[in-house]
Every structure is written in C-alpha cells, then in structure tokens.
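Order of the sequence lines sets the chain letters (A, B, ...), proteins ahead of strands, with each chain counted from 1. Everything numeric in this text was worked out from a predicted model, so none of it was measured. Keep in mind that the numbers below use all heavy atoms, side chains included, and drop hydrogens, waters and symmetry copies.
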Amino acid sequence: MEREHGEKGAGANTPEGERGHFIKQIIEADLAAGKYDGRVVTRFPPEPNGYLHIGHAKSICLNFGLARQYQGRCHLRFDDTNPMKENREYVESIKADVRWLGFDWEEHEYFASDYFDRLYEYALKLIKDGNAYVDSLSPEQIREYRGTLSEPGRQSPYRNRSVGENLELFEKMGQGEFAEGQCVLRAKIDMASSNVVMRDPTLYRIRNKAHHRTGDKWHIYPMYDFAHCLSDSIEGITHSLCTLEFENNRELYDWILDKLDAYHPQQIEFARLNLSRTVLSKRKLIRLVDAGYVDGWDDPRMPTISGFRRRGYTPASIRNFCDRIGVARRDSMVDLALLEHCVREDLNKNAMRVMGVLRPLRVVIENYPENETEMLTAINNPEDESMGTREVPFSRVIYVERGDFMEDPPKKFFRLAPGREVRLRYAYFIRCTDVIRNEAGQIVELRCTYDPATRGGNAPDGRKVKATLHWVSAAHAVQSTVRLYDHLFTEENPAEKEDFEACINPESLEVISDCMLEPGLADAPAEARYQFERLGYFYADHKDSAPGRPVFNRIVTLRDTWAKIQKAQKGKA
RNA sequence: UGGGGCGUAGUCAAGCGGUAAGACACAGGAUUUUGGUUCCUGCAUUCGGAGGUUCGAAUCCUCCCGCCCCAGCCA
C-alpha cells in the first residue's frame with residue numbers, strides 16, 4: 001500500500017503507522033536531514049576472544065538488519081587490539097556463527113589491527129598538538145592519581161613533558177625499548193572531570209607479545225577507546241551501535257574524533273539482552289565449560305550461537321526472536337519462553353512429523369495375526385500438505401510410551417488404562433485387556449485387542465475415543481539415543497545469585513539410549529529436524545550422529561497442557 | 001556524598017499533549033486422529049511516587065523514590 005502523506009510515518013522503510021524503535025527513529029531523522037549523504041553504514045565489532053552468544057545475536061540482527069532495511073551495509077570488524085587474549089580460532093568461529101545466522105558482510109571484513117599504522121599516525125598528531133603525553137607512572141600510581149568517583153584526580157608529574165620528549169618516548173615505546181608497564185600514552189584531557197573516563201585515559205600500552213595478525217611488528221597496542229572510534233571513522237560508519245555500558249565512553253569517542261578532526265560517526269547505545277534461566281557473561285560461560293558443567297562451548301544447553309545450533313534451533317527462529325524483543329535503553333530480562341515460542345512457531349510449520357517412543361512399553365495385540373505386517377499411511381505435516389505422506393509398518397507387537405498408560409488413572413487422564421480404548425495414530429483403536437508384571441511387580445507388558453474395523457483410525461460406528469497415542473512396531477523399530485535437554489538453571493536469574501553454580505539444574509540433561517523410533521528415522525541425515533508427535537522437536541546431532549545411526553537432541557518440547565493439569569493437581573494435593 | 005542512564009501488566013514493548021498498541025506468559029472456551037496447531041474471549045480506569053501547568057498529562061515542569069553503568073595499561 002502506498003503512503004499518502006509523509007508527515008506522520010517514519011519513512012518508506014517502516015510499516016504504515018509505526019515508527020520503529022528509537023534507533024530507527026534516529027536513522028530516519030538523519031536521512032530526512034540529509035546527514036551522512038543518506039548513507040547508512042553499521043558494523044558488528046566483536047573482539048575475537050570468545051564465542052558468540054545469543055546476546056551477540058541481538059546486536060548482529062540489529063546491525064545487519066538496519067543495513068538491509070535502509071539499503072546500506074554492515075561491516076564485520078574484529079576489534080583485535082589485545083594480543084594477550086585474542087586468536088584466530090575465535091575469528092573463525094565468529095565468522096561461522098554470523099554466517100549461520102544468515103548474514104553476509106560481503107567484502108566488508110575488517111580488523112582493527114589493519115589500522116595500526118594509521119592509528120599510530122593519529123597518535124603522533126595528538127602528541128604534536130599537545131593532546132597526548134607519555135606517562136611514566138606505574139599502573140598502581142596511575143590508579144591512585146585517578147581519584148575516586150567523588151574526588152577529582154591529580155595530574156601526573158609527567159603530564160607536561162615537551163612535545164619533542166613525548167615524540168621521542170612514544171617512538172621508543174613502539175620500538176620495544178621499554179618493558180610492559182613502564183609507560184603508556186595518555187590523552188591530556190582533564191584529571192578533575194566528573195566523568196572518570198575523561199581523566200587522561202590511556203591510549204596505548206606496551207605489550208611485548210606477538211599479535212595473531214601483525215606478528216611481532218608492534219610493541220604497543222591501542223586501547224579500545226582509541227581504536228574503536230577511529231576504526232569507525234576510517235570505515236565511514238554512520239551509526240555506531242553499542243551497549244549501554246559504553247555510554248560513559250561516548251564523551252571520549254567524541255573527544256578523540258574532534259581533536260583529530262576526523263570523520264565523525266555517532267555512537268548510539270542500547271540495552272544488552274538478558275535471558276532468563278541462563279547466564280551470558282563471558283566469565284560465567286567460561287566457568288561452565290572449564291568446570292565441566294557442560295560439554296564445551298557448543299553444548300546444546302549453552303546460550304552460545306553454536307550451542308543453539310547444536311541444540312537444533314533454526315537461524316530463522318533466532319532472528320525472529322531478536323526482532324520481537326525490541327530495542328530500547330532500559331535494562332530488561334527476556335523470558336526464555338519467548339525464544340522457545342519462536343522455535344516452535346518455525347518448526348510447527350516446517351518440521352516433518354514422525355513417531356518415536358522415548359520410554360518404550362511393550363504392547364501385544366492378541367487378536368492381531370502373528371507374522372503379519374501392514375503399511376499404514378501417515379501425514380508428514382498437517383500444516384503443509386505439500387510435504388506429503390509416508391508409510392509406516394504396523395504389526396502384532398508394538399511399543400507405546402510408558403507415560404501413556406496408567407493402571408489407576410486420575411481424573412482427566414484420557415490415555416490408556418485397563419479396559420479403556422484409545423486410538424493408535426493412523427492405525428487402529430485398541431483396548432487394554434491385561435497388564436503383565438515381572439517378579440518385582442513392575443509393569444513390563446500390556447495385552448490389548450484391536451478393532452479391525454477402525455483401520456486408519458476411524459470407527460465406522462462413530463464411536464469416539466478420548467486419546468490418540470503414538471506408537472512404533474517392535475519388529476521394525478530403530479533403536480536410538482535421544483538426549484532430553486532442559487533449562488541449565490533452576491533460577492529465573494542465576495547471574496544475580498551469590499553463587500550461580502549452586503542453581504545449575506541437575507536435570508538439565510537426560511540421555512535415553514533405548515528409544516524406539518519409526519524405521520524411516522534410521523536414515524535421518526545429520527542436521528535434520530523432526531517433530532516427534534506428541535513429544536517435541538528433535539534434531540539429528542551433527543557431531544554424534546553416524547550414517548544409519550542418528551543421535552537426537554530435543555530442541556524443545558511441544559506445549560503440554562496435560563503437564564500443566566498434572567502440575568496443578570499435584571499442587572492441590 | 002561525583003557523573004551518566006533508566007522506571008508503562010508476570011516478561012518484553014509501543015506510546016512523542018486528545019483519553020493505555022502488539023507479543024510472550026497466564027486463565028477460560030471452540031475445533032482437532034498430536035492434551036500439538038488454529039480460532040475466539042479475558043488479562044493496566046492507569047503509566048515508580050507526590051505536587052504543579054493545561055479544557056485535557058504516561059507524555060510538559062518541580063521535588064522525591066528505586067534500579068543500572070563508570071575509579072583496567074579489558075572490551
């Protein structure tokens with residue numbers, strides 16, 4: 001539909017009647033004012049010192065999404081200014097994760113380290129203009145001189161070295177003539193500033209360590225505040241988006257670009273993502289891996305991109321989630337249920353339905369002929385007719401879910417019980433006639449009868465049953481390992497707890513090795529996703545599946561109103 | 001006790017002086033060969049609090065309260 005007047009809306013890129021989040025509003029205002037000549041250039045600037053998590057996904061979707069919406073571009077820039085912590089392995093994993101999420105930076109792959117020469121020139125200019133000096137105070141002294149939040153700092157005795165001396169010292173720093181910590185380059189701003197960031201911040205420090213990209217060329221490396229604004233400037237970024245904790249740094253971002261008279265992008269801060277029942281701080285994530293609470297960075301319980309991928313989440317569901325959570329400036333905690341809703345929504349439409357019994361209970365259908373097998377037609381996806389049908393074998397002995405039978409069923413339990421009739425999906429009505437136990441008294445088998453007239457699942461006499469069960473023919477079943485994942489933490493906000501490790505969910509993983517699946521699943525290719533009817537969505541693990549022997553990860557359960565009723569009944573009792 | 005931010009439902013989040021969108025969650029109901037899906041219905045007389053301006057305030061002003069960030073040679 002065409003816009004009639006431009007006065008109320010936010011421009012051609014935002015739906016009628018909507019203004020979009022505050023960053024879109026800023027961009028649209030800039031566009032309308034002709035700022036940046038109508039360009040929109042954003043960037044995603046990870047430090048290659050760890051794996052990306054769902055919080056980074058928010059930033060990736062925001063930056064790449066904005067570039068797409070306004071026909072601009074988004075750069076992938078590695079903020080690799082600290083050789084002590086960064087390495088190539090991380091840059092590769094980050095690239096793989098961004099690609100998997102569905103974004104393409106085309107030729108715009110950059111590294112702050114590519115700019116080290118230009119950054120050095122900029123530093124020289126600052127020194128020449130009297131805006132930076134080499135300080136020979138020790139790290140401890142610098143801290144003492146900085147003052148506190150409520151008291152101003154003091155000037156370093158080295159603050160008024162001559163330009164010539166500063167130039168000479170800085171050059172020597174670059175040549176490796178000093179030890180780490182012996183001196184730093186500082187901006188000469190204001191030791192009494194109420195913004196602590198502005199109390200002569202460090203611009204360069206000495207690191208006698210090879211860098212993963214520049215080798216041993218440098219002995220000095222720029223700090224974030226110096227490298228970041230200038231990298232943005234060099235790349236012609238228009239809107240430099242970052243999280244709220246960098247708000248105090250914006251004054252320095254602006255100061256550096258102003259003093260250097262450089263092209264000046266604008267920094268805009270937004271709130272980072274917090275997700276319930278997990279942690280997203282790098283430190284805590286590392287702890288989970290190192291302490292062995294999980295099996296690596298891509299453990300399906302990890303909130304990392306690689307973890308969600310391994311769990312079976314789709315890129316589209318994560319993108320959709322990032323669109324729905326919004327972009328604002330207030331701290332918030334998004335309910336994990338929203339993410340789960342997003343995968344279910346995607347998979348409900350797209351995943352093939354299949355039958356698999358996780359906890360098998362043997363059922364013998366006494367009036368069904370021995371040694372007979374018949375093929376029954378099952379629908380692959382009721383949400384998408386084009387996905388067609390398949391044939392599944394039925395025979396005298398089948399497995400049903402143990403939880404679908406109760407000897408003494410409570411109210412509202414509609415499934416199988418002694419004497420009760422239910423439907424086997426796509427097959428027949430069966431009635432339970434007997435319960436077989438072992439010596440220990442445990443139920444090991446059910447005896448049932450079937451009604452041949454109900455083939456396919458309908459009774460010609462119009463008789464109704466209250467439940468439909470999934471099942472697998474015992475003789476044809478493929479035995480498989482399935483892992484059931486649950487929330488990693490029992491607390492809503494584990495990061496807030498004094499000891500977050502104490503609220504790790506001891507039941508976050510259950511491995512079942514004797515699941516019985518319908519025969520077609522033997523050929524499930526790695527990375528395939530299915531809905532196991534009545535149970536949930538499952539993913540053929542790309543690491544542990546072998547040809548003919550898939551291993552499944554439960555992505556998420558189906559919504560389960562029966563479980564809710566049970567919970568409510570327990571609560572009452 | 002310095003400075004910078006932020007407070008709208010259980011959780012996110014629109015709202016930009018004209019009388020509280022939407023989503024998730026939750027609770028009912030209908031349909032259903034998945035206790036799934038889908039579809040209806042309900043869910044803020046009030047926007048952290050108190051004053052003020054105005055015919056009219058979540059939106060403007062004042063004061064108060066609460067939460068987050070900053071004292072790395074990390075990013």
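- Residues from residues 189-205 of chain A with heavy atoms under 4.0 angstrom of RNA chain B, sorted by number: A/S194, A/V196, A/T202, A/R205.
- If you check B/G2 for Watson-Crick or wobble pairing at under 3.5 angstrom, you find it paired to B/C70.
- Nucleotide B/A75: unpaired (no Watson-Crick or G-U wobble partner with both distances less than 3.5 Å).
- Remark: P of B/A75 and CG of A/L52 are 17 Å apart, rounded to the nearest angstrom.
- Among B/G36, B/C73, B/A13, the nucleotide with an atom closest to any side-chain atom of A/I142 is B/C73.
- Across all strands, A/R330 comes closer than 4.0 Å to base atoms (heavy-atom distances).
- Between the NZ atom of A/K24 and the P atom of B/G15 there is a distance of 12 Å, rounded to whole Å.
- Distance check on atom P: B/G2 versus B/A9 gives 29 Å, rounded to whole Å.
- Here the separation of B/C70 from B/A58, taken at their C1' atoms, is 30 Å to the nearest Å.
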Output side-chain donor-acceptor pairs under 3.5 Å for residues 452-460 of chain A, partner residues at least two apart or in another chain, one line each.
unit_1: A/T454; atom_1: OG1; unit_2: A/F429; atom_2: N; d: 2.9
unit_1: A/T454; atom_1: OG1; unit_2: A/D451; atom_2: O; d: 2.6
unit_1: A/R455; atom_1: NE; unit_2: A/E374; atom_2: OE1; d: 2.6
unit_1: A/R455; atom_1: NE; unit_2: A/Y428; atom_2: OH; d: 3.4
unit_1: A/R455; atom_1: NH2; unit_2: A/E374; atom_2: OE1; d: 2.8
unit_1: A/R455; atom_1: NH2; unit_2: A/M375; atom_2: O; d: 3.2

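- Side chains of A/N248 and A/N195: a donor-acceptor N/O pair is absent below 3.5 angstrom, by distance only.
- Under the Watson-Crick or G-U wobble criterion, with both distances below 3.5 Å, B/C63 is paired with B/G49.
- One C1' atom belongs to B/G66, the other to B/G49, and the distance between them is 10 Å to the nearest Å.
- No side-chain donor from either of A/Y253 and A/Q267 sits under 3.5 Å from a side-chain acceptor of the other.
- When the C1' atom is compared between B/A13 and B/U62, the two are found 29 Å apart, to the nearest whole Å.
- With rounding to whole Å, A/M84 atom CE is found 15 Å from B/C73 atom P.
- Judged by a 6.0 Å distance limit and a 45° cone about the ring axis, A/R213 is positioned over the six-membered ring of A/F111.
- Look at B/G51: its glycosidic torsion is beyond 90° from 0, and that puts it in the anti range.
- Across all strands, A/Q531 comes closer than 4.0 Å to base atoms (heavy-atom distances).
- The same atom, P, is picked in B/A23 and in B/G17; the two are 26 Å apart, to the nearest Å.
- Here B/C68 presents its C1' atom at 11 Å from CG of A/N274, a figure rounded to the nearest Å.
- Using a 4.0 Å heavy-atom distance criterion, A/M223 is classed as a sugar-phosphate-only contact.
- Using a cut-off of 4.0 Å between Lys/Arg side-chain N and Asp/Glu carboxylate O, A/E269 and A/R329 are scored as salt-bridged.
- A/I565 comes within contact range of at least one nucleobase, with a heavy-atom separation under 4.0 Å.
- Residues A/F170 and A/Y204 place their aromatic rings such that the two centres sit under 6.0 Å apart.
- Residues A/K497 and A/E491 are paired through a salt bridge, judged by an N-O separation under 4.0 Å between the basic side chain and the carboxylate.
- Comparing the same atom, P, in B/U41 and in B/C24 gives a spacing of 14 Å after rounding to whole Å.
- Between A/Y224 and B/A75, no base-stacking contact is recorded for ring centres under 5.5 Å apart and planes less than 30° from parallel.
- Closest to the side chain of A/D331, from the set B/C68, B/C24, B/C26, is B/C68.
- The residue among A/C183 and A/R425 whose nearest nucleotide of RNA chain B lies closer to the 5′ end is A/R425.
- Within 4.0 Å of A/P382, counting heavy atoms only, lies at least one base atom of the nucleic acid.
- In summary, the side chains of A/D30 and A/Q266 do present a donor paired with an acceptor at a separation below 3.5 Å, with no hydrogens or angles considered.
- Taking atom P on both B/G18 and B/C12, the two are 27 Å apart, rounded to the nearest angstrom.
- Between A/R159 and A/D200 there is a salt bridge, with a side-chain nitrogen of the basic residue lying less than 4.0 Å from a carboxylate oxygen of the acidic one.
- Checked by distance alone, A/E383 brings a side-chain donor or acceptor within 3.5 Å of a matching partner on the base of B/G36.
- Among B/A27, B/G35, B/A13, the nucleotide with an atom closest to any side-chain atom of A/F414 is B/G35.
- Counting only heavy atoms from C-beta on, A/T561 has its side chain closest to B/G35 among B/A23, B/G35, B/C73.
- A/R423 comes within 4.0 angstrom of a nucleotide base, judged by non-hydrogen atoms across all strands.
- Rounded to an integer number of Å, the gap from A/E340 CD to B/A25 C1' is 12 Å.
- One interatomic measurement links the two molecules: CG of A/N381 to C1' of B/U32, which rounds to 15 Å at whole-angstrom precision.
- The pairing partner recorded for B/A58 is none, the criterion being a Watson-Crick or G-U wobble arrangement whose two distances lie under 3.5 angstrom.
- Under the Watson-Crick or G-U wobble criterion, with both distances below 3.5 Å, B/C24 is paired with B/G10.
- Distances from the side chain of A/E47 to the nucleotides B/G72, B/C74, B/C69 place B/C74 closest.
- Between A/I379 atom CD1 and B/U32 atom C1' there is a gap of 12 Å when expressed in whole angstrom units.
- Using cut-offs of 30° and 60° on the angle between ring planes, the pair A/W471 and A/F394 is perpendicular.
- With a cut-off of 3.5 Å on both pairing distances, the Watson-Crick or G-U wobble partner of B/U38 is B/A30.
- Of the candidate nucleotides B/C12, B/G72, B/A75, B/A75 has the atom nearest to the side chain of A/T81.
- Note on ring orientation: taking the six-membered ring where Trp is involved, the planes of A/Y313 and A/F308 are perpendicular (angle over 60°, cut-offs 30° and 60°).
- Under 4.0 Å is where a charged nitrogen must lie from a carboxylate oxygen, and between A/R43 and A/E235 no such pair does.
- Distances from the side chain of A/R19 to the nucleotides B/G2, B/C16, B/C69 place B/C16 closest.
- Of the candidates B/G35, B/C73, B/G36, the closest approach to any side-chain atom of A/R207 belongs to B/C73.
- Here B/G5 is the nucleotide among B/C70, B/G5, B/U11 with the atom lying nearest to any side-chain atom of A/R329.
- In this structure, A/L137 reaches the bases: a heavy-atom distance under 4.0 Å links it to at least one base atom across the strands shown.
- Residue-level contact check: A/Y221 touches neither bases nor backbone, having no heavy atom under 4.0 Å from any strand.
- Residue A/S138 is in base contact, counting any heavy-atom pair closer than 4.0 Å across all strands shown.
- Across all strands shown, A/N49 has no heavy atoms under 4.0 Å from either base or sugar-phosphate atoms.
- The residue A/I325 sits close only to the backbone: its heavy atoms come under 4.0 Å of sugar-phosphate atoms, none of a base.
- Contact annotation for A/V184: base contact, defined as any heavy-atom pair under 4.0 Å involving a base atom.
- Here, B/U1 and B/C63 have their P atoms 16 Å apart, quoted to the whole Å.
- Within 4.0 Å of A/K564, counting heavy atoms only, lie sugar-phosphate atoms of the nucleic acid but no base atom.
- A/F413 comes within contact range of at least one nucleobase, with a heavy-atom separation under 4.0 Å.
- Nearest to the side-chain atoms of A/D335 among the listed nucleotides B/C12, B/G35, B/G10 stands B/G10.
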